[in-house]
Amino acid sequence: MINPELIMHEVTLENIKQTLLDWYDVDTHHYITVNAIDNGENLTFDWIFSEYEVKNVIHVFRAENIAYKSNIPSMMDVYPGAWVSEWDLADMFNLNMENAHRGMFLEPEAPTGPLLKESYSGK
Amino acid sequence: MVKMFIESLKNLTTKPVTIGYPHTPSPSPKDYRGTIYYQEDLCIFCDLCEDVCPPGAILFEVTNFEENIREYSYNPYLCIYCHACVDVCPKADEGCLVQAETRLKPLGREETLPKDIKLGYFMDRVTTPKHLDSQWDEFEDRCEESREGHDEFKAEKKRKKKEEMAAKKKLEAEVKAKEDAALENDVSKSENNPEEKVDETAKDKPKE
Amino acid sequence: MGNKITVTFGSQHIAIPEPVSFVFETENEMITKVDVDVGYVHRGIEQAAVTKFKFNNVQFLLARVCGFCSITHAGAYIHGVEKLLGVETNKRIDYLRLIVTELDRMHSHLLANGHVAEVCGYENLFMQSVKYRENATEILEAITGNRVQYDYYQIGGVSRDLSAEHIEMIDVKLKELRVNVLKLRDFFDTDYTFGLKTKGVGTVTYEMAKAYNTAGSIARASGLRMDARNEFDFLPYEEVGYKLQTRTEGDVWARCMVRFDEVINSIDMCLYAVNNLPEGEIKVKSKGKPKGETFIRVEAPRGECFYYIKGNGTKIMERVRIRVPTYANIPVLRELFVGSQYSDAQAIVLSFDPCLSCTAR
Amino acid sequence: MNDLRAKSPWITHYNTGGCNGCDIEILAALGPKFDIERFGMLNRGNPKQSDILLVTGPVTLRCRDVLRRVWLEMPEPKVVVAMGSCTHGGGVFRHLYHTENGIDGIVPVDVWIPGCTPRIEAIIDGLIEGVEIWKNKTKEKEYMVGHSEKLLEKIGVLND
Amino acid sequence: MEALIVLSIVLPLILGAIIVFAKNDILTSLLTWMMLPVMSILAFMIYAADLPIYVDTPHVLHWIITLFDFGLLAYFLYLGAKRKSMLVSVLSLVQFILLVTVIWVLPESSTANIYVDKLTAMMYLLVAIVGVPIAIYSIKYMDFDEKDKHLFVGLVVAFLGVMNFAVSANNIEWFFAVFETTTLFSVIFIGFRGDKEAVDNSTLALWMNQIGGVAILLALLIMIKDFGVYHFTDLLIIDKETMSMAAFGFLSLAALIKGAQLPFHKWLLGAMVAPTPVSAILHSATMVKIAPFLLLRISPIIEGTLLAKLLILTTGFVFVAAAIFALTQDNLKRILAYSTISLLGLMMLAASVGTPTAVAVSIMLIIFHGFAKGFLFIEAGVLEKVFKIKYLQEMNMLLEKAPLTLLFIFFAFLNMTFIPFGVFVGKWLMIEEASGLLSQGSSVLLIALVAIGGVFLSVLYMKVLGVTIKHHRFTDIQVQKQPKTFLFVAIWFYLWLLALTIFIAPFAGDFVAQISNSLTGETTPIHADGLSLVVGESTLYFWQILGALLLLAFIHIAPLKFKFKNVDQMHPYNCGEVYTRQAGTYDFLFLKKYEGIANMIAITLFMLVVVLGGQLL
Amino acid sequence: MMGLLLTLFSPIIGGFIYGVERVVKARMQSRQGPPVLQPFYDFVKLMQKRPMMVHSFHASMGIMYFISTWFAMAVLMMGNDLLIAIFFHVISVLALTIGAFSVRSSYSIMGAMRELMHVVSYEPVVILLAVSLYLVTGSFDIAKILTSDITPIFSLPLVFISFLGVMPMLLHKSPFDIAEAHQEIVGGPDIEYSGPFYEAVYTARWIEYVYVYFIVFLFGGSNYFLGTFLVVFSFIFINAVDNSTARLDYKKMLKFAWFILIPLSMLNIFFVVVGAN
Ligand code: SF4
Ligand code: SF4
Ligand code: SF4
Ligand code: SF4
Ligand code: SF4
Ligand code: SF4
Ligand code: SF4
Ligand code: SF4
């Protein structure tokens, strides 16, 4: 059984960028992805990192209770490769993501925000 | 470059590694995940396979509501040969659902339509390979309807049965009551109770 | 205008079997601008995993996120579910899983390298790669029942056991494969024209690799010591002799070479695992429904595959998030084109071994 | 003549969003062990010079029009060989929000190859089956008599 | 006959003057149109006469010309001062001093100052048949929003006279005078539009050509000092063995500059700012053709010397380099200019080789290049004025926009390189000749240069043709209306080229070979066998000529005429996508960085020509 | 007479060569490969396809490519001047490139430009070859070359080697299949042809095989046995090279042709000249 050692950092949308700018070290930290979870009323955001050559450690920067229409900051200033995951999330959750180009994955005729609970739970 | 040059010349003089399929056979290895076969007589109609099948390649259509006869349908062209149905089938060991090592022929000209009774429940109904896909769509709808219909039918039947039972009971009760009345002259004791019970059951059952 | 030629590369193009489109703007064949569309394969798997499918058959769907690493996708998910269910697998299961995962890596790497050779116009090298790769796929077919979609992982175990004949066959074929891969590696290594076409082309420097958080053989070819097998204990890699392979050149050629080195390492690991297979059941009983969340990293052939799984105690999962290696490598890929020749673009793309079907899901 | 023709089917392959599994096998089928060039088959990659359109995948929304265009660009006589369960009703991707549930509604299919992933032997069987059908086809365009230009324009083949 | 010769020199001058001063449209047209038959007949009559002819001139003419020289130099000095160009002023002063010295030491000579041989007569013909239609063309051309129409046409007409004069001058001092006059004309033409760019370019042309003038004067001085003669015909009879080559070194230098060889090609490129007929006339029949003409005049003398070898090297190098750099250009006229520079290189190369066949090649190239280039520039002018197309990338879809012009351009370009047209025959003969020389131990480099340069030119033309035809759509082609004059001139050139090509064997075997015979005094191994061309042991059969003509005719007429019926039309393969995309061409701009190196090499070669070839050391 | 027959049958001979080549190529890749007559099956197939074109001009250029290649073949077989035959080949290249340029497809246009780069690379070498043959046999006349008592291969080994170097360019074989480059520009100039029109281009390529191998044959001089041997040798060699090299880009091709092959040829000619004097 896998046993990841989770290191949780509580952040908010306002301070996430600054926190990451301070914390993220290109030599030791590896950005994995950003994730969003729909809790039914609001979203949870996770920015997920690992460390090079350190076993089983996963850093998670978790911002909770995000309203659906909040403006999400882009992390492209911190690590330039962030755009794929951010644009992807913007499409999938119909987010107001900074700098995001919509339609990277979704065609116009597809449902908007397919990963939102309201989109698939039939309401 | 030079090494490859020599290798090329060497290959030119040696025999190619190409196998001769289809002129020479190339059998599947043991336990190859091929077509799913089904034995109706062994099936207990538990619907577990239909439930687990990822693409929905197994469907049961209720063909006879009265006797609750369900017909197994399998679409080998939709099946992803994942083996999940066989894993889940309680009667798999007896051979109710088996994954064969052989695979199906591709579906092209009409002559090549597979006619194997055991697997081709769905295919048998198809006359032309074109529109097979849309037919499966219709079929899915029909199965869905049949299931719903069956559920309704079942509920209806149950209700009717209950009603009958109730009526019967009532009758019996009446008779009994008459008898009793005749015997004891106590009429007002048990008149409404059975009817309420029927109502409750009728409400509950279809919801399941 | 005038001297600019816009070349579309995809979505239907002979060099990339997958639908992906690059729109290059070239001047004298030199690329000056590039647009990438990676969304052709988007099918909506993340949604399907939390709606249509129950937690015990999601792995079949996830295996079909991508054919090359069907085993890793299903594997990552099942590792996660097992964690949520609290299932402890035994050594034999781990070893069996490891064998199939590494065999998958071998065939994937060999095909990827062969494909690089093919788009470099080196048809024979492609043919030789595919020829030798057959050994790996034959083994896989024999032990899992399919050449590509193994469906081998199951919750709490694996679907089939290895028999004695299997072990014998694997041993013979892998030893043969090892010889052949070394030969093939030698071809790639020493070939002059292939070197002309690939050395110094599409170079990802160590700094770039770090800055863009690349994964897999792309990162390792640039000297970034980055391998989920090294950083995450999802399978007992250390026991079977895993070694991290890196190079420093970072170009197309180095990526091929890293893949060959990994194939050889994988063969060694498999040989060890097959010959030292622990005894035990191949399936552990599991009960209950997954509840809670977990993060999983596994090393797919193309690099790190990351899963986030959240269950809510019902049959349906709450959230499945997939981050795949190509997804991490697309940003750096896009940066590489500007300034390189159009005739090298195919080799660069294919040396990344892009998997759009998992990128777009 | 048709028998001679049947010895030279050229292939265009298009993946409409499958898992690559099928495509890997197509590559392997080109390889030395199976070598479909024995039957005169070449992977041309260019629909204008091909006779068999080998499609894999469940047809995602974005691939749909591309598939149509590729098919339209192939001159008659031509056949479409659909490979894998994805192409038939979408396979495991059936009824996802971004797929078209297989290629049947998009282009007319002549041969279905079952399997996920089909064995290479099945690919060969399917292609041979396709060739048998192709042999009896003619140059005629049975579809869209009389309104070709318009239809082409609508689909976006007459782009520019 | 003398009168005819004088007439053909003077008539254009007079007519030009009338046109300039009369400023009357009808008169202009009338006179210019009239010149076509008159000049042609004159030239034919002179050619048919018993050549060579020496025309004696009154002594006073000599003084007039000398005076004119000084006037010219004074004007140049004035221009230099006005345009604040030190170079021009200094060069004018140098020329002034040299000219005074020359006149000081000039011995008496009884040789006639005007000498007309077959070569000269051929140049007359070229001027009449190629130059006059261009003058006609320029009447219409100037109607398109240009000013000073009459002045322009008058100058063009007069320029033809100057050119005729230049090719008939025997006295090198006179030749210097005409040489400078052509410079003057080119300066006026280039600066015609009067804007800054035009003036700058004309100044450039001025000082570059003045260097040529200086070179001629130096040559003249040395000649007078060494041999005491200053007539071309006198030079030919001096014993070759003992001769010093210094004078010829300088003469060749003048030729190289006039022929706009690298690195002096800038002036010809700068000439592009002038109205297009200027380019047409400069490139086809006049001006630059003085360069190979001059070399042809002295080729019997320099044949086989080190000077000739160095010239071969230089011009061969230019032939290749200019063809390569032409690939980097995107302006049609500049491409044509580069190709002229390149082909001039080949002509001069052939002239320097100096064997009968090589001389024939040079003549052949002068003629066919004149026709084709005149044609091309005319069509470039049509494109510019009627269709507003100047750059290569705008030439896309010419087939829809200007089908007829495309047809003409296509044909002219085919003429520039493909079998069986004249330029090709020249190239082919050159290779044959060079191969012959090879076995006698001459340079392997010569052959390689000819082969390589020819290939580059072919590729250049194919590229340009490709671009003109590019992006054709499905639409039907409608032939657009063009001014009748343009059409006439185009058809005139077309028919001449066609006729000359079909009868290339007699033309080369009789006409060209005769000129070459007369120049070299040996028999040229080219003759016509029926309509097949026989060169030594090789034959260009008539069926090959005809076959190639038919193939090419089909290729260039096909776009207009040929239609497939009942065939499906489909858009190009675009990976199944519908992106609109640009499709330009390669511009090979990365080659530009080698241009400096090429110029350096060319300068070195120039030095070598003058210093080593002229045996100055 | 022989020349006429050879010309008439050159498509068939070429098709046969191509068929053998495909088998040899497959065998070199340890595959079984298609039947030898495969090119003719392809021919029949293409003829039976529904004709489809981009526009008439493009389609007619495909046919012109075929005709002019065949004509060049006729000139080579029946004319007497090798040089002229070489220049006729340029006409066919013209038809091909003009056709390729005329369509609105960047692949096609890139293919055409690359085709021109091919010409720049091989043409000087081929001309030098003709010149060197002239040098040793004293004639450009093919009939004379084939009857001269000198065997050119012995005095022109370097020229032969450099011709081996340009053969991949002429025949579009790896490492110089740059204009065709299937994985980059999907066939380059041929891409837009389909059905019968593609068949014209396809067949023209066969004629080019005969054209090129005939030039190889000339190296045998009057020793036809040696000539045949050279043809077979170069055939195997070219195919082995095709199968053991990656495709280079056009700049590398130019450099190879210009800085290696041309000097090589010139060196050989130089030696011959020096040796003769
Ligand atoms: S093998 Fe899988 S897809 Fe096929 S019927 Fe069984 S469960 Fe369904
Ligand atoms: S799981 Fe087995 S027993 Fe149950 S319905 Fe399916 S086939 Fe029948
Ligand atoms: S050989 Fe490779 S590039 Fe070519 S079509 Fe096949 S998979 Fe695609
Ligand atoms: S990158 Fe993704 S899709 Fe590709 S092989 Fe790896 S896990 Fe599979
Ligand atoms: S990377 Fe490609 S091959 Fe691998 S899983 Fe993804 S789509 Fe499939
Ligand atoms: S089969 Fe599918 S995944 Fe494989 S290369 Fe072709 S399109 Fe891509
Ligand atoms: S049929 Fe199966 S293997 Fe083939 S593409 Fe679809 S999911 Fe992949
Ligand atoms: S490049 Fe194209 S034509 Fe050439 S061998 Fe490869 S697939 Fe065939």
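FYI, side chains are in, hydrogens and waters are out, and symmetry mates aren't considered; it's all heavy atoms of this structure. All chains are named by letter (A, B, ...) in the order of the sequence lines, taking the proteins before the strands, and each is independently numbered beginning at 1.
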Restricting to non-hydrogen atoms, name the atom on Gly17(D) and the atom on Pro19(C) that form the minimum distance, rounded to 0.1 Å.
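Nearest heavy atoms, Gly17(D) then Pro19(C): N-CG, 4.1 Å.
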Minimal non-hydrogen separation, Val92(D) against Phe60(C), with atom names
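So the two residues come closest at CG2-O, 4.4 Å.
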Taking donor and acceptor roles from the modelled atom types, list the N and O pairs under 3.5 Å across chain D and chain C.
unit_1    : atom_1 : unit_2    : atom_2 : d
Tyr14(D)  : OH     : Ser11(C)  : OG     : 3.2
Gly17(D)  : O      : Arg43(C)  : NH1    : 3.3
Gly18(D)  : O      : Arg43(C)  : NH1    : 3.3
Cys19(D)  : O      : Gly67(C)  : N      : 2.3
Asn20(D)  : ND2    : Glu18(C)  : OE1    : 3.4
Asn20(D)  : ND2    : Glu18(C)  : OE2    : 3.0
Glu25(D)  : OE2    : Arg147(C) : NE     : 2.6
Lys33(D)  : NZ     : Glu138(C) : OE2    : 2.5
Gly45(D)  : O      : Gln12(C)  : NE2    : 3.2
Thr60(D)  : OG1    : Tyr40(C)  : O      : 2.5
Arg62(D)  : NH1    : Asp37(C)  : OD1    : 2.8
Arg62(D)  : NH1    : Asp37(C)  : OD2    : 3.2
Arg94(D)  : O      : Lys52(C)  : NZ     : 2.6
Tyr97(D)  : OH     : His42(C)  : NE2    : 2.8
His98(D)  : ND1    : His42(C)  : O      : 2.8
Cys116(D) : O      : Asn146(C) : ND2    : 3.4
Thr117(D) : O      : Asn146(C) : ND2    : 3.3
Arg119(D) : NE     : Glu141(C) : OE2    : 2.6
Arg119(D) : NH2    : Glu141(C) : OE2    : 3.1

Looking at side-chain heavy atoms only, is the closest gap between Leu27(D) and Leu111(C) below 4.5 Å?
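SC-SC contact between Leu27(D) and Leu111(C) confirmed.
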Heavy-atom pairs under 4.5 Å with chain D - which of Val148(C), Val130(C), Val41(C) has more of them than the others?
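If we count pairs closer than 4.5 Å to chain D, Val148(C) comes out on top.
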Taking Pro118(D), Pro32(D), Ala28(D), Gly115(D) one by one, which has the highest count of heavy-atom pairs under 4.5 Å against chain C?
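Among the listed options, the one with the most contacts to chain C is Pro32(D).
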Who among Leu67(D), Val66(D), Val70(D), Leu96(D) has the most heavy-atom pairs with chain C under 4.5 Å?
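The option with the most such pairs is Leu96(D).
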Under a 4.5 Å heavy-atom cut-off, does chain D meet the side chain of Leu61(C), its backbone, both or neither?
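For Leu61(C), the contact with chain D is made by backbone and side chain together.
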Summary of salt bridge (charged side-chain N to carboxylate O under 4.0 Å, His left out) pairs that have at least one residue in residues 12-22 of chain D, sequence neighbours excluded
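Those involving residues 12-22 of chain D do not exist here.
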With a 4.5 angstrom heavy-atom cut-off, which part of Pro58(D) approaches chain C: side chain, backbone, both or neither?
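Contact with chain C involves the side chain of Pro58(D) alone.
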